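To start, the structure itself, in structure tokens.
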Number of protein chains: 2
Amino acid sequence: MKDARRSGCPINLTLEILGDRWSLIVLRDMMFGNRRHFRELLTKSDEGIASNILADRLRRLVEEGLISKADDPSHKQKSLYSLTEMGIALVPVFAMMGAWGRRFLPVTEELSIRAELLEDGGPALWDDFMEELRAIHLGAPRPARSVFGELQAAYEATVARRLTAAAC
Amino acid sequence: MKDARRSGCPINLTLEILGDRWSLIVLRDMMFGNRRHFRELLTKSDEGIASNILADRLRRLVEEGLISKADDPSHKQKSLYSLTEMGIALVPVFAMMGAWGRRFLPVTEELSIRAELLEDGGPALWDDFMEELRAIHLGAPRPARSVFGELQAAYEATVARRLTAAAC
DNA sequence: CTTAACCGGTTGCGATTTGCAACTGGTTGA
DNA sequence: TCAACCAGTTGCAAATCGCAACCGGTTAAG
């Protein structure tokens, strides 16, 4: 993964930053799972990223300006990773990728419920979500609506439903 | 690049197919550059893909169902690659990725003019474009509007403008 | 008919990247 | 005091990438 510019095409430049198997996974967990610390990202991910890969991706994403790193005041050793505006602006990309994946790939219900809401909500919901992410990650004023809460609640409801069904 | 399912998340599953530096480049050239043959994809790409990588990606994309391969009746050795509906459905993903890249990365004017039109045109233009791609790649009836033509014309106008400016 | 250009790849090889597991030095809370 | 937790680092084998040279067959021009 070198950083030599292959061309000035927006798709190409985007792929030079995000075109691998892990970068968007890390961003997804920060964005939709509110994972902000190394250990959270390492252990609470369904895909099981290796610690050296995670360290490398975080460093690279900081370098490229998609996330930022700061000390967590509550713990001398904790680092707090935050999305920047550049990272937050990926919401529509995630929405479209999620919609595409949901349509063509063998997704599981509980892991695709967020993608479904994001797709159904459209640009208005994306904007609300980005506004909330700016509050969470950039210290902007917190908006009235919590899209994050809605997505999380829907996810948890789906998990609960599965557990109930399994118990019967 | 193994194909073991890491999770049923739509983002993850999408990345397992498209999460590398070349797959989307190949699809971009087929979609926006109308490259349909191996040699075209190999030589007419700004990024300069290697032939073994191209062969591997084409094989993989066929396997995954994003493109199809057929004999070109005009030449016994030519293969004709076509987008499937699954590939055509990536138009909104490209649009959003292009918009993001254009906003945050050092794109060149002539290579981002298509992304600009795609962004400004919105879902209505994407639908028209997908309809046209279905005509080109799947033999569907050709729609009245040619978004492909519009994108191509805008690109060529930008190139021409640059040449004129350079001549002055 | 000859021949050069073109066709879709394949092969070999060194360099890079990945994935795994064990480990490090320091911090915190019980 | 000590176990759990913190953000990574290190070493190593396997897979992948990127480059360049090459292949047998086909086509079009002379």
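Reckoned from all heavy atoms, side chains included, excluding hydrogens, waters and symmetry mates. Since the structure is predicted, the reported quantities are computational estimates derived from the model, not experimental observations. Letters A, B, ... are given to chains in the order of the sequence lines, protein chains preceding strands, and every chain is numbered from 1.
Legend: salt bridge (charged side-chain N to carboxylate O under 4.0 Å, His left out) pairs involving residues 71-83 of chain B, not counting sequence neighbours: none detected.
The side chain of B:K78 sits closest to C:dG8 out of C:dG8, D:dT27, C:dG9. Comparing C:dT18, D:dG18, D:dT10 by their nearest atom to the side chain of A:N52 picks out D:dT10.
Here B:I136 is tied to no hydrophobic group at all, with no ILVMFWY side chain closer than 4.5 Å. Through chains of ILVMFWY side-chain contacts below 4.5 Å, A:I113 is grouped with A:L111, A:Y155, A:V159, A:L163.
The stretch residues 38-50 of chain B touches DNA chain C through B:F38, B:R39, each having a heavy atom under 4.0 angstrom from the strand.
One can find a donor-acceptor pair under 3.5 Å joining the base of C:dG26 and the side-chain atoms of A:Q77.
A cation-pi contact, defined as under 6.0 Å to the ring centre and within 45° of the axis, is absent between B:R28 and B:W22.
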Would you mind writing out the side-chain donor-acceptor pairs for residues 138-152 of chain B within the sub-3.5 Å range, not counting sequence neighbours?
{"unit_1": "B:R145", "atom_1": "NE", "unit_2": "B:E150", "atom_2": "OE2", "d": "2.8"}
{"unit_1": "B:R145", "atom_1": "NH1", "unit_2": "B:D128", "atom_2": "OD2", "d": "2.8"}
{"unit_1": "B:R145", "atom_1": "NH2", "unit_2": "B:E150", "atom_2": "OE1", "d": "3.1"}
{"unit_1": "B:S146", "atom_1": "OG", "unit_2": "B:E132", "atom_2": "OE2", "d": "2.6"}
{"unit_1": "B:S146", "atom_1": "OG", "unit_2": "B:G149", "atom_2": "N", "d": "2.9"}
{"unit_1": "B:Q152", "atom_1": "OE1", "unit_2": "B:R114", "atom_2": "NH2", "d": "2.8"}
{"unit_1": "B:Q152", "atom_1": "NE2", "unit_2": "B:E156", "atom_2": "OE2", "d": "3.2"}

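Comparing A:I53 and A:S74 by the nucleotide of DNA chain C that holds the closest heavy atom to each, the one mapping nearer the 5' end is A:I53.
Scored by the side chain to side chain donor-acceptor pair (under 3.5 Å) test, B:R59 finds B:D56, B:E63 as partners (sequence neighbours excluded).
Phosphate contact (OP1/OP2 of C:dG19, side-chain N/O of A:R57, threshold under 4.0 Å): absent.
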